Amino acid sequence: MTKENGPMAEGPASNGYLKVGNGKYALDLRKVNVHYGSTHAIKDVSMRIRENAATAFIGPSGCGKSTLLRCLNRMNDEIVGCKTTGTIMFKGTNILSNKVDPVALRHTVGMVFQKPNPFPTSIYKNITFGPKVHGIRGKDELDEIVERTLKDSALWEEVKDRLDDPAMSLSGGQQQRLCIARALAVEPDIILMDEPCSALDPIATSKIEDLITELKERYTVVIVTHNMQQAARVSDFTGFMFLGRLVEFGRTTPLFEKPRKTLTEKYITGRFG
Amino acid sequence: MTEKFIEELDRLQADTFEMGQLAVGMLADSVKALKTQDIDLAQSVLEKKTDLAEMDLEIEKRALQLLTLYQPMATDMRKLATILKTITYLARIGRYGKDIANITIELGDQSHISKLVSIPLMSKMVGSMIEDSLEAFEEGDITKLADLGERDDEVDAMRYTILRECITYMMEDPKNISRCANYIMIARYLERCADHSCKIAEKVTYMVTGEHVEIR
């Protein structure tokens, strides 16, 4: 299945690079195709995404990286005229199957968006919203979830004394970390991030990047970014996409140091894109 | 990456090559001055030391600036990394030329013990190794580097020959010790320059192929 030089190949596993994740795969994509009406946005993408590792998708605008990310928790279902085919195996189930409830899927595959989008309510209620939907009502349990997720998202120290303040009173970077905490509150296995730092300043960006590095110890993180340096800093695996195809996929360091495909080389050295 | 970056990277590569020509020239002139006991030529080698140091610093500054401003990837990153390492090796080669020039000035008009054939021959071998490494760097073509390891072995053997020759002269007459000690030092400097050419070749190979290799 994995061809030596195909886009699915991850590159050398023991060639001086540290072993990443737990060696298992969280997601297995086979021949995934996405059409928006007559537009063929994703073309035959096959890849396996490592558990407890950070995987980045890079590529020029319109290459399909966000579309591919949204396939992973069926967010494309919300787009009229969008049709996804192929299989995406997650915990033994094809999540593209009609039998899978996309809402239930999104509990285990959480998402953080480009712009921070906290609910217009308190910091506390932003986090407890999801768990309450799941039937958790006990104050102690909800308090524990709030503290744990805010600590996990490196926000606890900054907001622990003002949990009832409006979420909108937080800075952009804090709002984004709150959104990450909100995603963590429903205990997902996978966190998808669609350009999570593009609306943030360098300090807030650096905090989110540090957070991604910590989160991948316990979660599988998949991130779309326009910033190649960011992909190089935070991810263990990187996929380069172009015109809907996965051109190259492999371990991040060799991909940025010595890409196997000329197209990747041209893109990451800025010769096009 | 912007055109400005690509232009500046090309300029840096050209300037590194030029620095290489300066370093190789210093080494060759120093040995020529030694052979012909030309103090003026030796003096001119010493004067070039400042130019070499300035080029080293200037190229390093510009390379670091490019790294900071553009954070290049893949071939661009490999080329910059190669430039940063290569200028250090070139600075060392030029400084060995300066050291040989100093010995030449110190020896003054004292005649050589023999016709002094081995050291100029060794210098020629080393000079061609450095030039081939520099050409490979400039052209991005590593075919000329294939036999560099063997050529380095020959240089090592030549150094050993000079050492044995000098030991013989020293045993024959203790008055030769001072001059022979200098010849041994010079042979050692040349041998180190050959090693530096191999290090440059290793970096050039990395620049071109992305593979880390070891040449001797």
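Every value quoted in this text rests on a predicted model; they were computed, and no experiment measured them. Chain letters run A, B, ... following the sequence lines, proteins first, then strands; residues in each count from 1. The figures here come from the full heavy-atom set of this structure, side chains too, leaving out hydrogens, waters and symmetry mates.
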Trainee: Identify every side-chain donor-acceptor pair in residues 78-85 of chain B under 3.5 Å, counting partners at least two apart or on other chains, and give the distances.
Mentor:
unit_1   : atom_1 : unit_2    : atom_2 : d
Arg78(B) : NE     : Tyr206(B) : O      : 3.1
Arg78(B) : NE     : Met207(B) : O      : 3.3
Arg78(B) : NH1    : Glu257(A) : O      : 2.7
Arg78(B) : NH2    : Met207(B) : O      : 3.3
Lys79(B) : NZ     : Gln13(B)  : OE1    : 3.1
Thr82(B) : OG1    : Arg78(B)  : O      : 2.7
Thr82(B) : OG1    : Lys203(B) : O      : 3.2

Trainee: Which pair of non-hydrogen atoms, one from Gly210(B) and one from Lys258(A), has the smallest distance, and what is that distance?
Mentor: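 So the minimum-distance heavy-atom pair works out to CA-CD, 3.8 Å.
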Trainee: Using the ring-ring contact (aromatic ring centres under 6.0 Å, His included) rule, collect all pairs that involve residues 122-148 of chain B, keeping only residues at least two apart or in two chains.
Mentor: none
Trainee: Okay, side chain of Gln229(A), backbone of Gln71(B): is any donor-acceptor separation there less than 3.5 Å?
Mentor: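 Present.
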Trainee: Does some side-chain heavy atom of Met77(B) sit less than 4.5 Å from a side-chain heavy atom of Thr269(A)?
Mentor: no
Trainee: If we only count heavy atoms from C-beta on, is the Lys266(A) to Thr75(B) side-chain gap below 4.5 Å?
Mentor: no
